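Remarks on the structure that follows.
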There are 2 protein chains.
Amino acid sequence: MDIIEPMVQDIRTLGLPALLSFHTVAREGGISAAAARLGMAKSGVSRHVTQLESHFSVRLLERGARSVRLTPVGQKLDDRIRSILAEVDLLEDIAREESVGVSGQVTIAATPEFGGLVATELFPEIRARHPDLTLVMRPDYAFEDMQDPGTDLAFRVGTFKDDRLIALELGGFRRALVASPAFLKDHPVQAPNDLVNAPCLTFRGDRPGATWRFQKDQARSQIEVDGPIAVRSFGILLQLAIAGHGLANLPEFMLGDALKSGALARCLPDWSQGVNPVFLTFRPGARKVARVAAVIEQASTKLPGLVTVETARPHV
Amino acid sequence: MDIIEPMVQDIRTLGLPALLSFHTVAREGGISAAAARLGMAKSGVSRHVTQLESHFSVRLLERGARSVRLTPVGQKLDDRIRSILAEVDLLEDIAREESVGVSGQVTIAATPEFGGLVATELFPEIRARHPDLTLVMRPDYAFEDMQDPGTDLAFRVGTFKDDRLIALELGGFRRALVASPAFLKDHPVQAPNDLVNAPCLTFRGDRPGATWRFQKDQARSQIEVDGPIAVRSFGILLQLAIAGHGLANLPEFMLGDALKSGALARCLPDWSQGVNPVFLTFRPGARKVARVAAVIEQASTKLPGLVTVETARPHV
DNA sequence: GAACCATGGGTTCAATTATATCCATCTGTT
DNA sequence: AACAGATGGATATAATTGAACCCATGGTTC
């Protein structure tokens, strides 16, 4: 009849509860703790683990006297199992939305500035369409794991590495070097090299200083800048620049008002900086959850117009 | 003690076998057929489905007299379930490789031309590292679903939409408009508009004709070309161009030899065409499977140098 | 510092409980 | 009548628990 023979058989002997037990052991760091968390007898958890071990014919836990550690294979498997359990959770969401409608809560992570843009530009329309939906913006520079439930979507700027997430490229933005007009009168900046000893207001990331790259026609310039003030907030950098404390290199989308009102002026307007791509990331199954899809859709239709300076490439 | 309370509980009553049964029903189009495929009593399959339905409180199947159809929710859920089952399968692979080592088979889909590039440039080194690994290249212009096991990796050119796959951007290539020197002597092409009535050798995709876009400084030109010969193979287009049958617009990476030997010459060399991005796509968990990871790693380290014309952006 | 025990975590085992599966039967449609 | 799916009861299978068991560590004591 049918040619496709190789279908999954082993799943039968592999239970979701066993996967959950093992994953909980990995999370909690011990069988007793996992059993407490799951509200079941520790013998059951122990059995689940051994069951998986014999199923895979691989040792998943290094048994110490008072503790267990994951073996390398155990770690790999746990990582996948975590994803699987998260995907299974989504099944519930998808089904529930069918009867209850789009409601509940969507949690979105983004940098504070970008989060502001997203919240002001996107949230009103989403809320108008889905009144029962609660949108939670979690502004943070540190990107979280997103494998544990809690965050549904994350806007990320620039490169990142995570196999387990879908990344939707929304466009990109440029940065602009700006300072207050008064400051520029005292500290004229004609070329990128003038920045070396200038008071640059840098974003304080993991390490001090920053590298700013400029390009003009074929000329490229890469400057290691530093300055008296470094802050872990672009918003504060913006205020500092307006107050005339130095040069700031800020995303274009933050500068609209300040440039119009004349509070800030561009430096080196002929020199362009590369495009910072903006990605929207989420777990693979998330797009099938209607309330998450609503936000994704809104973001992918409306945001490109807001941040894209040049159309870079077809979106994924 | 711990703050993190919301952990999955429902999984307990949700069995992988039930998911498998439902998915098989969806695949086979009926409960009896599914039961036959799974080698179990049809009553069991029926129970599994009703069990899921009551678990989710949603109807998954439209019951007809002699057939069942998936409800919209059923389709969504089945789509996710399919992914989940595939991910569960990967668990076995990951575990097995720990004891057996990297072996087995990796199936890779790509267009015939690109497949050739991949096979010649990538396969030797991979095979040298993993002698027990069998690499299967499946050249095909039609991209398959990749949700059903069978294809582990797929190289894709240009845009695509599939939430369920991870896309790794490897770089991009440009196309070049070429023809034989003899042909060009008879049919000089000075500007893109000259192509309108020229005998263009087009790739026969889903619909006839093609749109070629050219750019020179700020000038942009978009030409709807057509011609006497349309073939669903870039390789044959290359041969036709060499034989002097017309103009072909081919990927740069195919043209090395023909341009060097003088068999082909560039047309409109001042006009550039956009970069065609190349993606490597795979199921989310696939990278954790060592034998697949070996190919991904090789591709992502070696291919960018082969196809990238300009570094577009940091890879994901 | 060596011997000692008490503690906490992991495993094993048997009994109980729950669950899945099958076969036969029933219902409804074509 | 024939086929596809649903239902129900009997049986076998599997999951869960709680108590007993191990065993390494850490602290205590001498």
Side-chain angles (χ1 to χ4, degrees), chain A residues 1-2 7-71 74 78 85 88, chain B residues 1-2 7-71 74 78:
Chain A
M1 299 270 144
D2 249 309
M7 266 211 76
V8 200
Q9 291 293 338
D10 303 319
I11 285 181
R12 291 217 177 122
T13 56
L14 219 169
L16 239 10
L19 296 183
L20 177 59
S21 287
F22 171 63
H23 172 61
T24 310
V25 171
R27 269 174 64 102
E28 301 289 327
I31 289 188
S32 301
R37 159 61 44 90
L38 294 169
M40 55 190 286
K42 54 182 187 171
S43 63
V45 176
S46 174
R47 240 175 61 79
H48 276 160
V49 174
T50 50
Q51 175 186 333
L52 287 182
E53 287 184 323
S54 72
H55 177 93
F56 291 134
S57 334
V58 173
R59 244 189 158 32
L60 298 175
L61 296 179
E62 298 271 13
R63 267 81 165 174
R66 278 166 181 252
S67 66
V68 290
R69 285 196 320 280
L70 289 181
T71 61
D78 176 54
L85 295 178
V88 171
Chain B
M1 301 267 148
D2 249 311
M7 265 211 78
V8 198
Q9 291 293 340
D10 304 319
I11 285 181
R12 291 221 180 117
T13 56
L14 219 169
L16 239 10
L19 296 182
L20 178 59
S21 286
F22 171 63
H23 173 61
T24 310
V25 171
R27 269 173 64 102
E28 302 289 327
I31 289 188
S32 302
R37 157 62 45 90
L38 294 169
M40 54 190 286
K42 55 181 187 172
S43 64
V45 177
S46 175
R47 292 193 102 76
H48 276 161
V49 174
T50 45
Q51 175 187 334
L52 286 183
E53 287 183 322
S54 70
H55 177 93
F56 291 133
S57 336
V58 173
R59 253 204 147 18
L60 298 174
L61 296 179
E62 298 272 11
R63 267 83 165 174
R66 290 187 169 227
S67 66
V68 290
R69 285 196 321 279
L70 289 181
T71 61
D78 176 54

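All values reported here derive from a predicted model rather than from experimental measurement. Lettering of chains follows the sequences in order, A, B, ..., and the numbering in each one begins at 1.
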Over all strands shown, is A:G30 touching base, sugar-phosphate only, or nothing at heavy-atom distances under 4.0 angstrom? sugar-phosphate
Search all heavy atoms of B:V45 against all heavy atoms of B:S21 and return the closest pair with its distance. CG1-CB, 4.3 Å
Is the closest basic N to carboxylate O distance between B:E53 and B:R63 below 4.0 Å? yes
Atom-to-atom span, CD1 of B:I31 to C1' of D:dC3 - whole angstrom: 14 Å
N/O (side chain, A:S43) to phosphate O (OP1/OP2, D:dT17) under 4.0 Å: no
Nearest-Å distance for atom pair CG/P, residues B:L20 and C:dT21: 11 Å
Does D:dT16 have its OP1 or OP2 closer than 4.0 Å to a side-chain nitrogen or oxygen of A:H48? yes
Measure from CG on B:L70 to P on D:dG5 and round the result to the nearest Å. 12 Å
Applying a 4.0 Å non-hydrogen cut-off, can you work out what B:S32 is touching in the nucleic acid: base, sugar-phosphate, or nothing? sugar-phosphate
Which part of the nucleic acid, if any, lies within contact of A:R47, taking any heavy atom under 4.0 Å across all strands shown: a base, the sugar-phosphate backbone alone, or nothing? base
Please tell me if B:S46 has a side-chain N or O lying less than 4.0 Å from either OP1 or OP2 of D:dG5. no
What is the distance, to the nearest angstrom, from the CD atom on A:E62 to the P atom on C:dG9? 19 Å
Whole-Å distance, B:R63 CZ to C:dT27 P, equals 18 Å
To the nearest Å, give me how far apart NZ (A:K42) and P (D:dA20) are. 13 Å
What is the distance, to the nearest angstrom, from the CE atom on A:M40 to the C1' atom on C:dT17? 15 Å
